[in-house]
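Here the structure is laid out as structure tokens; the discussion comes afterwards.
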2 protein chains.
Amino acid sequence: MARALRADAVRNRDKLLAAAASEFAARGLDAPLEHIAKRAGVSIGTLYNHFPTRDDLLDALLPERLGPAMAEIAAQALAEDDPWRGFETYLAGLLGLQARDRALNDAISQRIPLSPEVHAVCGQGFEQALLIIGRARDAGCLRPDFEPADLLSLTWAMAAVIQRNPQGWRRFLDLYLNGVRVGRR
Amino acid sequence: MARALRADAVRNRDKLLAAAASEFAARGLDAPLEHIAKRAGVSIGTLYNHFPTRDDLLDALLPERLGPAMAEIAAQALAEDDPWRGFETYLAGLLGLQARDRALNDAISQRIPLSPEVHAVCGQGFEQALLIIGRARDAGCLRPDFEPADLLSLTWAMAAVIQRNPQGWRRFLDLYLNGVRVGRR
DNA sequence: AAGTAACCCGAGGGCACCCTCAACTTGTGC
DNA sequence: GCACAAGTTGAGGGTGCCCTCGGGTTACTT
């Protein structure tokens, strides 16, 4: 077990995490590390002391933001009685997450190579999506050929739309859902 | 009127344009100019001699590739008797263009700020799209609320899909078209 | 064949970002 | 309060890309 951090080190670590969160949210997961250090009021060397690689920083930030958020969305979707509404809810939630903050957008749409840790968290979210997709498909309200890969494409596509028109994804999702639904035009 | 170029200058200009075309096609419109000079077998200074800015290079390249291609696609689409098939044909053609080469993908989806020249060419293509959209809408086979802006979003979305899965756009387009169509499920 | 304008070259300065390390400062345990 | 480990610092070297400019080369003219 690692020795406890010194008091000032804890402070700096926290400041770095806070700065990184807002910088990533604003500029994306490839935001310059030097900006983060500056925003934290700390030298670049200190940043590298605490987080030797960019992935270390991401690992400290993303899982605890992504995991609960995705779980919550899946839970909401599964709480819907109607499988189709559940599916709708899931997508609106996921894409809403992407739209809310550029860091999540980059992570969910994998715009950037992710560390195993973050990848694992995304994988868990994906597992839950399988349930929701399966339920809607089995109920006959989602195209039987709808595959998880389609969901992946959708996150890529929406990541791009969101970047140029942060509100535009809702309209796009409406059209897409309409194409993916069975019956009840 | 500018004086005629010297023979070696013409040769170099041509080599530069050829190199730029393949480099842009492979790496996108923000490919390093130094790579282009190297590929052309010419010094970076010579590149800047002929094309003082990146836009000058793009202006010499894109309009003559983009203009005819987009016109051709629109013509094909309008040649279809069935307005819906025309609309389908148009989108398949446009997105196929994006998928064919990264330079066109970047230009059509405007991943990068474009010069007025290139922008004008894209605008012309857009005009033709209006006809095809209007025809399909008036015939009642395209959602009446489908707007040109939806087409723009689609090019953004597809640009992203194409970058990660060059074939994936066809599947995505199928789903999308299904959502945008009226009647005939 | 010589003179000249046109053209080519590439070293180099600027910038943004990456990352390291040796010298300094500060918290902590005795 | 002292000593030392723990932590901080920022200058600086590396890389990749941008763009310029002064000196060398080459095609055209006569």
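Each chain gets a letter, A, B and so on, in the order its sequence line appears, and its residues count up from 1.
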With a cut-off of 3.5 Å and sequence neighbours excluded, list every side-chain donor-acceptor pair involving residues 65-76 of chain A.
unit_1, atom_1, unit_2, atom_2, d
A:Arg65, NH1, A:Asp101, OD2, 2.7
A:Arg65, NH2, A:Asp101, OD2, 3.2

Mind listing the side-chain donor-acceptor pairs of residues 19-27 of chain B below 3.5 Å, one per line with the distance, residues two or more places apart or on another chain?
unit_1, atom_1, unit_2, atom_2, d
B:Ser22, OG, B:Ala18, O, 3.0
B:Ser22, OG, B:Ala19, O, 3.4
B:Ser22, OG, B:Arg39, NH1, 3.1
B:Glu23, OE1, B:Arg39, NE, 2.7
B:Glu23, OE1, B:Arg39, NH2, 3.0

Taking distance alone, no hydrogens or angles, what donor-acceptor pairs closer than 3.5 Å link side-chain atoms of residues 108-116 of chain B to residues at least two apart or in another chain?
unit_1, atom_1, unit_2, atom_2, d
B:Ser109, OG, B:Asn105, O, 2.7
B:Arg111, NE, B:Asp106, OD1, 2.8
B:Arg111, NE, B:Asp106, OD2, 3.4
B:Arg111, NH2, B:Asp30, OD1, 3.0
B:Arg111, NH2, B:Asp30, OD2, 3.2
B:Arg111, NH2, B:Asp106, OD2, 3.1
B:Ser115, OG, B:Asp59, OD1, 2.5
B:Ser115, OG, B:Val118, N, 3.4

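Atom pair B:Arg13:CZ and C:dA6:C1' shows a separation of 16 Å (rounding to whole Å applied). The nearest whole Å value for the distance from the CZ atom in A:Arg27 to the P atom in C:dA16 is 14 Å.
Within the 4.0 Å cut-off from OP1 or OP2 of C:dC7, not a single side-chain nitrogen or oxygen of B:Asn12 is found. Between A:His35 and C:dA16, a side-chain N or O to OP1/OP2 separation shorter than 4.0 Å is absent.
Considering only residues two or more places apart in sequence or on other chains, A:Arg164 meets the salt bridge (Lys or Arg N to Asp or Glu O under 4.0 Å) condition with none of them. Applying the side chain to side chain contact (heavy atoms under 4.5 Å, CB included) criterion to B:Ala120, with sequence neighbours excluded, gives no partner residue. Checked against salt bridge (Lys or Arg N to Asp or Glu O under 4.0 Å), B:Arg6 has the following partners two or more places apart in sequence or in another chain: B:Asp8. For B:Arg143, the salt bridge (Lys or Arg N to Asp or Glu O under 4.0 Å) partners are B:Asp145, not counting sequence neighbours.
A:Asn49 and A:Thr46 share no side-chain donor-acceptor pair at under 3.5 Å.
Comparing B:Asn49 and B:Ala31 by the nucleotide of DNA chain D that holds the closest heavy atom to each, the one mapping nearer the 5' end is B:Ala31.
Reading DNA chain D from its 5' end, the first and the last nucleotide to sit under 4.0 Å from a heavy atom of chain B are D:dC17 to D:dC28.
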Would you give a per-nucleotide map of nucleotides 19-30 of chain C, 5' to 3', where B means the base has a protein non-hydrogen atom under 4.0 Å away, S means only the sugar-phosphate does, and - means neither? BB-----BSS--
